[in-house]
Engineer: 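I'd like to ask some things about the structure below.
Any value given below was found using the heavy atoms of this structure, including those in side chains, with hydrogens, waters and symmetry copies removed. Proteins get letters first, then strands, A, B, ... in listed order; numbering begins at 1 in each.
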Amino acid sequence: MSLEQELLAQRHARIREIEALGFRAYGQRFDFSTTIPTILKEYTPKSAEELASPRVEVKICGRIHTVRRMGKAGFLHLSQLGERLQIYIKKDDLSEKEFALYQLLDIGDIIGVTGYLFRTRTGELSVHVQTLTFLSKILLNMPEKWHGLEDVEIRYRQRYLDLIANPDVQETFVTRAKIIASLRRQLEERNFVEVETPMMQPLYGGAAARPFVTHHNTLDIDLFLRIAPELYLKRLIVGGLDRVYEINRNFRNEGISTHHNPEFTMLEFYQAYTDYKGLMDLSGELLCQTAIDATGSPVVEYDGATLDFSNIRRLTIREAVIDFWPENSTRPTMENVKDPEWLKQNAHKASPGECLVEIFERVAESKLIQPTIIYEYPVETSPLSKNNLDDPAFVDRFEIFAAGMEIGNAYTELNDPQEQRRRFEMQLGMRERGDEEAHQMDEDYVRALCYGMPPTGGEGIGIDRLTMLLTNSKSIRDVILFPLLRPEGNIGVAADLRALE
RNA sequence: GGGCCGGUAGCUCAGUCGGUAGAGCAUUUGACUUUUAAUCAAAGGGUCGCGGGUUCGAGUCCCGCCCGGCUCACCA
């Protein structure tokens, strides 16, 4: 029998002992009077004397994190919502059954206590326990109390254990929730309507990516998990929902990295009667306020850099290429970066526009640490954006970068159905030449445009990446509760439990 | 997919030149009524990721595979 099985058997047997004392191993409702974080916040500043009179009575619950037993007394740390509070148990102050229960407690058990606040000789805020009850039994072993759980594979696979053992993790996901709530609130304040559009789509579009395929049995059709909600959201703009947004998952059948998870969360919003310049201003306001709501400040530390979301720089893609050109070679001029010949000499793509983007990604992207808006993209890589009035080879589009990552993408939406048809056909051509990520023709979308779409600005913001920036997380897996991993195979716990019955 | 790194007790980690598998925490037993990485005394606990190979002998060397991390490519 392995150690884990022995321990399981031992603790399973303890269930009977707990029940013999008149408690339930898997208890019922517990009406606590306050939470551990609230107590810590409210009473940490109070002195021992202030706590002594009048006494502060509390009824709390939580998971046992540490136990220090000293014969007829003991100290335990309970954890709740990522924070820890010490409780003090003394034989004289409990019933016989409660003290017997205390002696059976394992690290990881969930209990409820009543008692009063005091400070120990060493000054730690603690609860002097007067009654004790049992709420839930742990059967497996907790991770090490000092180092916590560090094995990243276990942290991602068993996120519940990560959340129990590493308090910072709870904080990260609470911040993620604040980010989403902040964006929702800000958009609502600006009269945007939240909508939900199909995730299972017969035609996929709105981005350059390979999709996941699934199948509907009754209709007997293949469907694609959406790579973007864009084309549906713009149909709604045609329909007169002038300001819409959606926060939900996109699915792209591509590689996994510290910046990519196959399913990821995007905010997309569309605003009629504005353009990409209007969205630049809006983006700045949204990001700045979100940083404040999530972290308390528009200025955040990320991986050794200081990012200031209250002051977003704006550069054209050409300016960025010139600006970030490597020090050790001849810096190009504006004439160079406009010259198709020069572009082809410095990249390997078919068209000058694609070359420019390739060069930009090579020389500038990873250096865009400060939040920066890059604008004026070539038409070839932007099949849904409106042409620039002065230069039809370019479109009115920008992307937002920070910490070397793209976190947003926006443009003035193409609303001319004739031009949209030509763009789709251009994409079909790329597709025939082997580009699996090129768009398909979406004729219903073209038909929608034929009814007239108002001039519109649209934008997507990657929520996972934004969360990385605002929680100082180096990997996207640290801001996704259950990132995609290969299945782990047989776990064996069911068999172990069966053996105990 | 390529390159590099890792997988040893439940957790965090050692393991020398190829020669009996180690520590701390956790667990069990005992002592201890303000401790705090509690302390003290004792005990139990291993599919060294999996499968081959070399060898008298493999955690250690070689080959293949599995899982993970970083990185490059691709992408947001």
Engineer: Please report the distance, rounded to the nearest Å, between CG in D106(A) and P in rC25(B).
Structural biologist: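 Checked: the CG to P distance equals 18 Å.
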Engineer: Does K474(A) count as lying over the ring of Y302(A), i.e. NZ or CZ under 6.0 Å from the six-ring centre, within 45 degrees of the axis?
Structural biologist: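 Yes, K474(A) sits over the ring of Y302(A).
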Engineer: Whole angstroms only, please: what is the CG-C1' distance between N253(A) and rG1(B)?
Structural biologist: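 Rounded to whole Å, this separation is 14 Å.
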Engineer: Taking N and O atoms by type only, does the side chain of R121(A) place a donor or acceptor under 3.5 Å from a partner on the base of rU34(B)?
Structural biologist: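 Per atom types, no contact qualifies.
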Engineer: Tell me the side chain to side chain donor-acceptor pair (under 3.5 Å) pairs involving residues 487-501 of chain A, sequence neighbours left out?
Structural biologist: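 The answer is Q5(A)-D496(A).
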Engineer: Given atom CG of L8(A) and atom C1' of rA26(B), what is their separation to the nearest angstrom?
Structural biologist: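 Those two atoms, CG and C1', are 15 Å apart.
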Engineer: Do any of residues 78-100 of chain A sit with a heavy atom less than 4.0 Å from RNA chain B, and if so which?
Structural biologist: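 Those residues whose heavy atoms fall under 4.0 Å from RNA chain B, taken from residues 78-100 of chain A in numerical order, are Q86(A), Y88(A), K90(A), D92(A).
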Engineer: With a non-hydrogen cut-off below 4.0 angstrom, is R157(A) in contact with a base, only sugar-phosphate, or nothing?
Structural biologist: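 Sugar-phosphate contact only - R157(A) comes under 4.0 Å of backbone atoms but never of a base.
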Engineer: With a 3.5 Å limit on both atom pairs, tell me what rC48(B) is paired to, counting Watson-Crick and G-U wobble, or say none.
Structural biologist: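 Across any shown strand, rC48(B) pairs with none.
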Engineer: When you measure from the side-chain N and O atoms of R68(A) to the phosphate of rA38(B), is any distance below 4.0 Å, counting only OP1 and OP2?
Structural biologist: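 Yes, because at least one side-chain N or O of R68(A) sits under 4.0 Å from OP1 or OP2 of rA38(B).
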Engineer: Indicate whether OP1 or OP2 belonging to rU28(B) is found under 4.0 Å from a side-chain N or O atom of R14(A).
Structural biologist: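 For rU28(B), OP1 or OP2 has a side-chain N or O of R14(A) closer than 4.0 Å.
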Engineer: Just the rounded figure in Å: distance from C1' of rG10(B) to NE2 of H147(A).
Structural biologist: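 That distance rounds to 15 Å.
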Engineer: Could you tell me whether the phosphate oxygens of rU27(B), OP1 or OP2, come under 4.0 Å of any side-chain nitrogen or oxygen in Q10(A)?
Structural biologist: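 For Q10(A), the contact criterion (side-chain N or O under 4.0 Å from OP1 or OP2 of rU27(B)) is not met.
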Engineer: For rU35(B), which nucleotide is its Watson-Crick or G-U wobble mate, given both distances must be under 3.5 Å?
Structural biologist: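 The answer is none; no pair meets the criterion.
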Engineer: In whole angstrom, what separates D151(A)'s CG from rC13(B)'s P?
Structural biologist: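 The distance from CG of D151(A) to P of rC13(B) comes to 8 Å, rounded to the nearest Å.
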Engineer: Between D106(A) and K137(A), is there a side-chain N and carboxylate O pair less than 4.0 Å apart?
Structural biologist: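 Salt bridge present between D106(A) and K137(A).
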Engineer: What class does the angle between the rings of H439(A) and F424(A) fall in, given that below 30° is parallel, 30 to 60° is tilted and above 60° is perpendicular?
Structural biologist: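 Tilted.
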Engineer: Mark yes or no: R69(A) above the aromatic ring of Y102(A), with NZ or CZ under 6.0 Å from the six-membered ring centre and no more than 45 degrees from the axis.
Structural biologist: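 Yes, a cation-pi geometry.
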Engineer: When rounded to the nearest Å, what value does the distance between C1' atoms of rC66(B) and rU47(B) take?
Structural biologist: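 Nearest-Å result for rC66(B) against rU47(B) at atom C1': 15 Å.
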Engineer: Answer with base, sugar-phosphate or nothing: what part of the nucleic acid does A228(A) contact at a heavy-atom distance below 4.0 Å?
Structural biologist: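 It contacts nothing in the nucleic acid.
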Engineer: Should the pair R55(A) and Y116(A) be classed as cation-pi, given the thresholds of under 6.0 Å to the six-membered ring centre and 45° from the axis?
Structural biologist: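 Verdict for Y116(A): a cation-pi partner in R55(A).
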Engineer: Take the protein atom CD of E361(A) and the nucleotide atom P of rC74(B), then report the distance between them rounded to whole Å.
Structural biologist: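 After rounding, the reported distance stands at 8 Å.
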Engineer: Considering every strand shown, what is the Watson-Crick or G-U wobble mate of rC25(B) when both distances are under 3.5 Å?
Structural biologist: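 rC25(B) is paired, partner rG10(B).
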Engineer: Working to the nearest 0.5 Å, report the span between CZ of R486(A) and CD1 of I256(A).
Structural biologist: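 With rounding to 0.5 Å, CZ (R486(A)) is 8.0 Å from CD1 (I256(A)).
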Engineer: Rounded to whole angstrom units, what separation is found between the CZ atom of R69(A) and the P atom of rU34(B)?
Structural biologist: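 The answer, rounded to whole Å, is 16 Å.
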Engineer: Got a list of protein N/O to nucleotides 70-73 of chain B N/O distances below 3.5 Å?
Structural biologist:
residue: rC70(B); atom: OP2; partner: R477(A); partner atom: NH1; Å: 2.9
residue: rU71(B); atom: OP2; partner: T258(A); partner atom: OG1; Å: 3.4

Engineer: Are K91(A) and F99(A) in a cation-pi setup, meaning NZ or CZ lies under 6.0 angstrom from the ring centre and within 45 degrees of the ring axis?
Structural biologist: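 That pair qualifies as a cation-pi contact.
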Engineer: Out of curiosity, I164(A) CD1 to I138(A) CD1, how far, rounded to the nearest 0.5 Å?
Structural biologist: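 Taking CD1 in I164(A) and CD1 in I138(A), the distance rounds to 6.5 Å.
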Engineer: With a 4.0 Å cutoff (strictly under), does any side-chain N or O of R465(A) reach OP1 or OP2 of rA76(B)?
Structural biologist: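 Answer no for this pair, as no side-chain N or O of R465(A) is under 4.0 Å from OP1 or OP2.
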Engineer: Just to be sure I understand the rule, does G148(A) reach a base, reach only the sugar-phosphate, or reach nothing, if contact means heavy atoms closer than 4.0 Å?
Structural biologist: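 Touches sugar-phosphate only.
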